[in-house]
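Data block below; observations after.
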There are 2 protein chains.
Amino acid sequence: MSHPIIKDDEVDVVILATQPDLTSFLEEWRPMFSRYHLIIIKDPDMQKDLKIPEGFNHDLYMKSDMDRILGSTSIRFSGYSCRYFGYLVSRKKYIVTVDDDCVPAKDGRGFLFDAVAQHISNLRFPATPFFFNTLYDPYQKGADFVRGYPFSLRNGVKCVLSCGLWLNLADYDAPTQALKPDERNSRYVDAVLTVPLKAMMPLSGINIAFDREVIGPALFPGLRLAGEGKQRWETIEDIWCGMCAKVVCDHLSLGVKSGTPYVWRKETGNAIETLKKEWQGMKLMEEVVPFFQSVKLPETAVVAEDCVLEIATMVKKRLGPVDPLFGQAADAMVEWVRLWKAVASVSPTPGV
Amino acid sequence: MSHPIIKDDEVDVVILATQPDLTSFLEEWRPMFSRYHLIIIKDPDMQKDLKIPEGFNHDLYMKSDMDRILGSTSIRFSGYSCRYFGYLVSRKKYIVTVDDDCVPAKDGRGFLFDAVAQHISNLRFPATPFFFNTLYDPYQKGADFVRGYPFSLRNGVKCVLSCGLWLNLADYDAPTQALKPDERNSRYVDAVLTVPLKAMMPLSGINIAFDREVIGPALFPGLRLAGEGKQRWETIEDIWCGMCAKVVCDHLSLGVKSGTPYVWRKETGNAIETLKKEWQGMKLMEEVVPFFQSVKLPETAVVAEDCVLEIATMVKKRLGPVDPLFGQAADAMVEWVRLWKAVASVSPTPGV
């Protein structure tokens with residue numbers, strides 16, 4: 001089986017700007033990002049002008065672009081959710097996206113690690129969700145399928161979602177972070193693995209790449225907490241759509257990988273402060289996980305859009321009565337699919 | 001949740017002797033093995049006397065012990081399968097076992113890695129089969145559960161099976177090994193993960209540890225190829241019982257981990273020669289995997305023995321007609337459970 005190379009012009013790097021000066025962020029990423037087209041989305045809540053260093057091939061989208069391109073919509077693209085607007089306006093097959101408080105990490109040998117190249121490799125080579133390979137990604141150099149792995153499953157399936165990890169500040173929730181304020185993740189695990197069929201996982205949106213054409217409709221800001229702030233540990237929108245995307249992938253025989261690349265997450269915020277707020281997201285997860293584990297999609301759902309609409313109906317019916325946020329999430333899913341189709345049919349040039 | 005320390009006298013290290021001189025093997029392992037009681041099983045096919053260096057607290061079992069303790073049995077404990085006899089005669093709660101062509105590996109920093117200590121740690125701390133933690137084992141030092149991981153699942157479940165890996169010669173089947181005669185595994189992945197619920201995996205018996213009391217009845221030499229030789233890449237008995245054990249663990253809400261510790265596998269045999277034989281094992285795997293993926297055990301099966309007998313009945317009925325080897329495997333499973341109970345009720349002292 002051949003695995004065609006993914007060309008540079010098939011990739012958009014989507015950057016969310018939640019801080020007014022992207023200079024140091026983009027300078028650190030310059031060796032990895034400069035080959036690609038960048039879509040930069042300015043958090044619509046941020047008033048200050050945005051500083052972007054010279055030399056990047058980029059389009060910048062701001063609140064005025066959102067208003068113009070989307071018209072009236074109930075979905076809020078503020079804070080960490082502004083990146084999703086980039087998924088809508090991209091015209092590329094693949095998207096790579098990294099939070100703006102992350103810089104390139106070093107690998108186990110101390111060399112800067114090209115996170116974009118690794119994400120693209122993860123998407124290029126198949127995933128193996130139907131049987132677990134104990135030596136991790138069998139397509140990686142120096143690896144293969146272990147003894148006992150059925151030959152009929154060695155072609156794998158298309159990988160459409162690559163979930164990267166974090167060194168330094170790991171992606172913990174507020175209580176975990178507050179309990180271990182000094183804990184930093186220094187374990188560089190040199191592995192990528194396919195998350196097996198039916199295994200549910202908490203997708204972190206901090207550092208991911210995906211096949212926009214195939215799974216883009218399942219990556220949306222659906223579940224937003226009432227007091228969702230500007231700290232990652234307070235957000236839940238990526239966890240929700242990640243479970244949605246995993247269910248869709250399982251249904252459509254597509255693959256999700258987790259592991260390298262790592263990014264280096266800088267220190268931000270104060271987890272103790274966050275603890276004073278309600279732990280609403282954590283309470284909701286107790287409902288969310290069993291729900292997604294039980295979702296069964298009909299055979300008539302053959303593309304991600306269909307699947308998302310089916311799941312939205314189930315959310316409304318089964319989770320809606322539990323908490324009004326779930327009803328709003330279901331509405332956002334339907335609205336997202338509408339936007340996905342609507343924006344696909346217009347030319348979403350920025351700043352016009 | 002407390003995780004009581006596993007004491008040295010709760011562990012048997014089971015060593016199979018397929019070569020007459022264990023001196024260099026045991027000397028290399030001395031720093032790790034000398035604290036534990038060893039059960040050494042001499043391959044009944046091997047005629048030569050066995051050399052065991054001084055200074056190990058061990059019991060040696062030979063063909064005469066097998067005949068005396070087991071009486072008449074249809075199960076063949078020859079070649080790599082002789083280790084299973086050690087599982088029967090052990091009276092300890094935990095077993096650690098390593099093939100006799102493996103020596104201690106070095107970790108990513110070049111230090112000798114204590115495989116026994118890592119296996120025991122894997123068994124001591126819970127497994128998390130119901131939800132995937134992207135940062136691998138959350139109980140490991142410096143790690144935790146990531147954002148979005150439900151708090152109700154953070155206690156995990158009892159881990160009863162720890163599957164280690166291999167550096168240098170990886171555990172490939174004969175065709176893979178023959179296709180890449182010079183490939184050696186040099187990727188040290190510093191991670192342990194729980195194999196998720198319902199995910200099936202190819203257990204390699206080369207380097208494992210398990211809770212004998214709980215899952216021992218599911219680790220047996222059941223499926224043996226007609227021409228099964230003295231090379232690992234020709235065997236399938238561990239793959240078969242590994243899938244059986246995984247199904248049992250899933251049913252009983254027990255955990256299976258895969259990852260560190262690694263062992264260093266030395267060069268042995270000639271994969272090209274093996275290729276001249278029939279690829280019977282690989283053909284069988286095409287039937288084996290879908291079968292185990294579909295096994296559903298009744299609620300009345302509450303211990304491993306029950307589960308193994310239930311699976312044996314299903315194997316006989318559903319796989320028996322496909323190949324006579326499957327019927328023999330089903331018979332061996334029933335016989336194993338009989339032996340497990342019978343040997344438990346006698347004092348299996350060696351050399352009496």
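What's counted below: heavy atoms across the whole structure, side chains too, no hydrogens, waters or symmetry copies. Every chain is numbered from 1 and lettered A, B, ... according to where its sequence line falls, protein lines coming before strand lines.
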* Structure fact -> Cut-off 4.5 Å, heavy atoms of chain A, and the answer for B:Leu284 is neither
* To do: Grab the two heavy atoms, one from A:Tyr136 and one from B:Gly259, that are nearest each other, plus how far apart they are.
  => OH-CA, 3.7 Å
* Under a 4.5 Å heavy-atom cutoff, which of A:Leu153, A:Asp171, A:Val146 has the most pairs with chain B? -> A:Asp171
* Asked: Which of these, A:Met282, A:Lys283, A:Glu286, sits in a side chain to side chain contact (heavy atoms under 4.5 Å, CB included) with B:Pro150?
  -> A:Glu286
* Asked: So what's closer than 4.5 Å to chain A heavy atoms on B:Lys141: side chain, backbone, both or neither?
  -> backbone
* Structure fact -> Ranking B:Arg187, B:Met243, B:Glu183 by heavy-atom pairs under 4.5 Å to chain A gives rank one to B:Arg187
* Structure fact -> Between B:Ile239 and A:Gly148 the two heavy atoms that sit nearest each other are CD1-CA, 3.9 Å
* What part of B:Pro175 is in contact with chain A, defined as an atom under 4.5 angstrom from a non-hydrogen atom: side chain, backbone, both or neither? -> side chain
* Could you look at A:Thr176 and say if it's the side chain, the backbone, both or neither that has a heavy atom under 4.5 Å from chain B? => side chain
* To do: Answer yes or no: is there a side-chain heavy-atom contact under 4.5 Å between A:Asp173 and B:Phe145?
  => no
* Contact part of B:Val289 toward chain A, heavy-atom cut-off under 4.5 Å: side chain, backbone, both or neither? -> side chain
* Point-to-point distance, once rounded to the nearest 0.5 Å, from CG of A:Leu179 to CG of B:Asp144 -> 8.5 Å
* Structure fact -> Most heavy-atom pairs under 4.5 Å with chain A, out of B:Ile236, B:Leu135, B:Asn185, belong to B:Leu135
* **Region of B:Gln177 in contact with chain A, defined by heavy-atom distances below 4.5 Å** => neither
* **Heavy-atom contact with chain B under 4.5 Å, split by part of A:Arg154** => side chain
* Structure fact -> chain A shares the most heavy-atom pairs under 4.5 Å, among B:Tyr172, B:Phe151, B:Phe130, with B:Tyr172
* Asked: Does any heavy atom of chain B fall under 4.5 Å from the side chain of A:Pro202, the backbone, both, or neither of them?
  -> both
* **Verdict with reasoning, A:Phe132 to B:Leu193, per side chain to side chain contact (heavy atoms under 4.5 Å, CB included)** => CA-CA 12 Å; A:Phe132 184 77; B:Leu193 56 92; 3.6 Å; yes
* Under 4.5 Å from any heavy atom of chain A - which part of B:Phe292 -> neither
* Inter-residue atom distance B:Phe131.CZ - A:Met285.CE, 0.5 Å rounding -> 4.5 Å
* State the CE-OG1 distance between B:Met201 and A:Thr134, to the nearest 0.5 angstrom. => 6.0 Å
* Would one find more than 12 heavy atoms of other residues, nucleotides or ligands at under 6.0 Å from atom NZ of B:Lys106? -> no
